[in-house]
There are 2 protein chains.
Amino acid sequence: MTTMRELPHPAVADIRLPEVLHALADPVRLEMVQRLAENTGDENCIGVTDGITIHKSTVSHHFRVLRESGITSTRVDGRNRYVQIRREALDERFPGLLDSVLKALAA
Amino acid sequence: MTTMRELPHPAVADIRLPEVLHALADPVRLEMVQRLAENTGDENCIGVTDGITIHKSTVSHHFRVLRESGITSTRVDGRNRYVQIRREALDERFPGLLDSVLKALAA
DNA sequence: CACATAGTTTGATGTTTGCCAAACAATCAA
DNA sequence: TTGATTGTTTGGCAAACATCAAACTATGTG
């Protein structure tokens, strides 16, 4: 059977600026966010850190920081977790912030 | 006589995103940035932290973090230091970033 | 000169962070 | 059931960080 659930993440109103900025203020997490932004959303956790030599528990930690800050949401499907950027939520809470960061990353 | 100098700060091309985000990912520094953004630029260091109960050496530290990340520039005039946000530099390096942060702060 | 003013620098302290490794949990497949 | 896959959690460690306090620098003032 196909079970589906979502890992807990903050409501839009509870997303806080210092926490978001802190989550983004790490090179590894920035790289992850950049890759997530390029994704169609069909990639699992491992896919997002392909080519980055980093332990899986560290990856898990970074994903948690991103999720708890409100930047990402995680859908659990079987053994896989699919991580997505919460674009709508971020755009509503902090208009332009995500876009400017992604733009900066691209340059 | 009126001596004038500028404290060292990174060139536009050397401003790095993770460092900027890290500098902004602190509540005290965010508050300082918000006040600086509202300033005409005629206020000295102490003025920017009026009402924040924090030691002057800590303030000095935060100003250094902001300056070294490229967010601010500091003009030394006699005993006073006048801190300004480097709007042009930031807008050139990371278009929209500062504005979105300031907008988020205002809301 | 003596003193005040404005801020920096240098420890010291407690907290947070980023990382790995090992153990664990849950799902899927043979 | 046995084993492989995909992560999470816990523990430990070194580096980084925010803060304060005390000493110091530099400038202005009486």
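Throughout, a chain's letter reflects where its sequence line sits, starting with A, and its residues are numbered from 1.
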Distance col, row Met32(B):CE vs Thr72(B):OG1, nearest 0.5 angstrom, shows 8.0 Å

Distance, nearest 0.5 Å, that separates CG of Leu105(A) from OG of Ser100(A): 9.5 Å

Whole-Å distance separating the CZ atom of Arg81(B) from the P atom of dT5(C): 17 Å

Does OP1 or OP2 of dT17(C) have a side-chain N or O of His22(A) closer than 4.0 Å? yes

Quick check for you: among dA6(C), dT9(C), dC20(D), whose closest atom lies nearest to any side-chain atom of Thr58(B)? dC20(D)

Here the distance between atom C1' of dC24(C) and atom NZ of Lys56(A), to the nearest Å, is 10 Å

Would you say the side chains of Arg29(A) and His62(A) form a donor-acceptor pair under 3.5 Å? yes

For atom CZ of Phe63(A) and atom P of dT17(C), their distance in whole Å: 19 Å

Find the distance Ile54(B):CD1 to dT8(C):C1' and express it as a whole number of Å. 15 Å

Hey, which sits more toward the 5' end of DNA chain C by its nearest nucleotide, Val65(A) or Arg67(B)? Arg67(B)

Toward the 5' end of DNA chain C, by each residue's nearest nucleotide, Asp26(A) or His55(B): His55(B)

Name the nucleic acid region contacted by His62(B), choosing base, sugar-phosphate or nothing; use a 4.0 angstrom heavy-atom cut-off, strictly under. sugar-phosphate

Using whole Å, report how far CG of Asn80(A) lies from C1' of dA29(C). 14 Å

Any donor-acceptor pair, under 3.5 Å, between the side chain of Ser57(A) and the base of dA21(C), if you only look at N and O atoms? yes

Candidates dT8(C), dC17(D), dT5(C) - which lies nearest the side chain of Arg79(B): dT5(C)

Just the rounded figure in Å: distance from P of dC17(D) to CG of Leu21(A). 16 Å

To the nearest 0.5 Å, what is the distance between CG on Leu21(A) and CG on Asp26(B)? 10.5 Å

Given atom CD of Glu68(B) and atom P of dA18(D), what is their separation to the nearest angstrom? 12 Å

To the nearest angstrom, how far is His61(B) atom NE2 from dT8(C) atom P? 12 Å

